[in-house]
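Numbering starts at 1 and runs along the sequence shown. Whatever order the structure lists ligands and atoms in, that order sets their numbers, starting from 1.
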Amino acid sequence: MSVGPTPAPLLDVKGVTLQYKTTEHLVTATYRVDFQVFKSDRYVLLGPSGCGKSTLLKAVGGYLQPTEGEIRLKGAKVSKSGPDRMMVFQEFDQLLPWKSVRDNVMFPLLASGKLKGRAAADKAMQYIDKVNLTKFADHFPHMLSGGMKQRVAIARGMAMEPDVLLMDEPYAALDALTRRKMQDELLQLWDDTHFTVLFVTHSIPEAIKVGSRILLLSPHPGQVKAELASVPRDADAEATKALETRIHDMLFADQIEEQEAKHV
Ligand code: ADP
Ligand code: MG
C-alpha cells in the first residue's frame, strides 16, 4: 500500500518556550511545547489553571513572542496578530458596549478592510443567524445574557472566516446548563462549516466533548504530557467516562504519586 505525503499542518507550534519578565522575576509559562493543528481540527489545550494555556493562545494570536522555538501558520512564521487568527475570550465584556450586535460583528470586517458596506452587513447577519441571534441584531450588549454575549463574540470571530478560531475558556463563566448548550451549538456550527478551532479549557469533560484532539499540559512551566484523540461524537457514557478517568490520572499522576509516597 502506498502512503501519500503527510499533509502540512495549518498551525505548527515547535519547541515554544514563553516567558514573562516582571520587575522581580522571570516567569516561564511554557517550556518547549510542541503541537500541530490540521485543518478542521477541534484542537483542545487542557491543563490546570496556571499551566500556560492562555499564554500559548496569546502567542498563537501573535500577541507574545516565544523566547525559544517558533509558531508557524500555513508555513509562515507568526510575528504579529492578524485577521487570520480571531480570538474569543471568557469575559462577557469583550464586545463594544456602544455598538449593536450587528455592528459588533461587522466591526472587524470593516476595520480590517475585508468587506465594505452592504457586503459586511450581509456577512455579519449570516453569522449572527448561525448563532441564533437574528432577532437580537439591533440589541446592545447590556441587553443580552452572558451566553448571548458569548454567541456574539463567536459570530464576530467566525464572520472573519479566520484560518483558526482561538477560544480561551469561552464558556467558563456560564452556568452549567448554558455551558452545555453552547458546547452543542459550537459542534453544530462545526458540522456546518468545519472551521478550525484551538480551544482552551481546564475542564476534562468539556475537552472531551468539544475536542477532536486534546493536548494535555502539566503546570509550572506548562509542558506537553500527552496528545490524545477524543472519543467519537456518538460515544456512549461508558467510553466517555473511561477517557475522563484516563486523562484525570495522566494530568494528576505526579500529585497522586507524591501523595502515595507520603503514605508509604
Ligand atoms: P492558564 O491560562 O493555563 O491558567 P496562564 O497562561 O494565564 O495560565 O499563565 C501561565 C503562567 O504565567 C502563570 O504562572 C501565570 O501566573 C503567569 N503569567 C500569566 N500572565 C502573566 C503576566 N502578564 N505577567 C507575569 N506572569 C504571568
Ligand atoms: Mg487562562
Side-chain angles (χ1 to χ4, degrees), residues 11 13-35 37 41-71 73 78-81 85-95 146-147 149-150 153-154 157 164-176 178-179 182-183 186 197-211 213-228 230 244 247-255 258:
L11 180 70
V13 173
K14 282 190 284 201
V16 166
T17 300
L18 293 160
Q19 295 179 317
Y20 292 102
K21 281 193 189 78
T22 67
T23 42
E24 292 117 53
H25 307 281
L26 183 67
V27 181
T28 302
T30 71
Y31 185 70
R32 296 188 177 169
V33 169
D34 292 293
F35 65 92
V37 178
D41 273 343
R42 298 186 311 276
Y43 201 96
V44 174
L45 305 179
L46 172 66
S49 179
C51 77
K53 303 181 296 294
S54 294
T55 304
L56 266 170
L57 216 60
K58 277 185 231 161
V60 172
Y63 300 101
L64 199 71
Q65 292 306 312
T67 42
E68 195 183 14
E70 61 176 24
I71 299 172
L73 182 72
V78 166
S79 60
K80 56 180 189 330
S81 61
R85 287 146 290 145
M86 293 296 289
M87 186 98 85
V88 178
F89 298 94
Q90 175 182 343
E91 291 76 19
F92 296 154
D93 64 359
Q94 58 191 300
L95 305 173
K149 287 184 209 175
Q150 290 310 82
I154 291 165
V164 54
L165 187 68
L166 309 174
M167 302 181 91
D168 192 355
E169 312 226 24
Y171 311 140
L174 296 167
D175 62 272
T178 310
R179 187 174 186 161
M182 298 283 291
Q183 291 164 350
L186 190 76
V197 58
L198 181 57
F199 189 103
V200 160
T201 184
H202 66 266
S203 157
I204 299 174
E206 181 164 82
I208 293 173
K209 182 164 174 186
V210 166
R213 290 201 294 151
I214 305 169
L215 191 77
L216 307 189
L217 294 164
S218 64
H220 314 308
Q223 281 180 277
V224 174
K225 277 225 148 161
E227 189 198 79
L228 302 168
S230 189
E244 260 186 56
I247 291 178
H248 182 274
D249 290 351
M250 288 171 93
L251 278 178
F252 299 105
D254 306 339
Q255 279 114 303
E258 260 173 48

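Within ligand 1, counting atoms from 1 as listed, the ones closer than 4.0 Å to a heavy atom of T22 are 25 (C). Taking every non-hydrogen atom of A29 and a distance limit under 4.0 Å, the qualifying atoms of ligand 1 come out as 10 (C), 11 (C), 12 (O). Residue-ligand proximity, S49 to ligand 1, at heavy-atom distances under 4.0 Å covers atoms 4 (O).
With hydrogens and angles ignored, the 3.5 Å screen pairs a side-chain donor or acceptor of K225 with a backbone N or O of M250. Under a 3.5 Å cut-off, the side chain of K53 and the backbone N or O of G47 do form a donor-acceptor pair. Under the 3.5 Å distance criterion, the side-chain polar atoms of S54 are left unmatched by any main-chain donor or acceptor of D168. Without hydrogens or angle criteria, R179 side chain to L174 main chain gives no donor-acceptor distance under 3.5 Å. Judged by distance alone, with hydrogens and angles left aside, the side-chain atoms of T67 form a donor-acceptor pair with the main-chain N or O of T17 at under 3.5 Å.
Contacts between T30 and ligand 1, counted as non-hydrogen atom pairs separated by less than 4.0 Å, are absent for every part of the residue.
Ranking protein heavy atoms by distance to atom 5 (P) of ligand 1, first place goes to T55 OG1, 3.5 Å. Remark: minimum distance from atom 19 (C) of ligand 1 to any protein heavy atom is reached at Y20 CE1, 3.3 Å. When only non-hydrogen protein atoms are considered, atom 8 (O) of ligand 1 lies nearest to G52 N, 3.2 Å. When hydrogens are left out, the protein atom nearest atom 1 (P) of ligand 1 is G50 N, 3.4 Å; that is the closest non-hydrogen contact.
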Assess whether side-chain hydrogen bond (donor to acceptor under 3.5 Å, both in side chains) is satisfied between T55 and Y20, documenting all intermediate values.
-> CA-CA 9 Å; T55 304; Y20 292 102; 2.8 Å; yes
Side chain to side chain contact (heavy atoms under 4.5 Å, CB included) between R85 and Y63, worked out | CA-CA 11 Å; R85 287 146 290 145; Y63 300 101; over 6 Å; no
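The distance criterion of under 3.5 Å between nitrogen or oxygen atoms is met by K53 with respect to ligand 1. At least one N/O-N/O distance between C51 and ligand 1 falls below 3.5 Å. For ligand 1, none of its N or O atoms has an N or O atom of V27 under 3.5 Å away.
Put simply, no part of G47 is less than 4.0 Å from ligand 1, judged by heavy atoms.
Atom 25 (C) of ligand 1 is approached by the protein to below 4.0 angstrom, counting heavy atoms only.
If you run side chain to side chain donor-acceptor pair (under 3.5 Å) between Q150 and each of Q94, E91, Q90, only Q94 comes through.
Inter-residue side-chain proximity for L11 and D41 is flagged as unmet; no heavy-atom pair is nearer than 4.5 Å.
Within the coordination shell of the Mg ion (ligand 2), defined by N, O or S atoms under 2.8 Å, Q90 is absent.
In the candidate list P221, S54, P219, S54 is nearest to atom 2 (O) of ligand 1, counting heavy atoms.
Between the NZ atom of K58 and the CG atom of L64 there is a distance of 6.5 Å, given to the nearest 0.5 Å.
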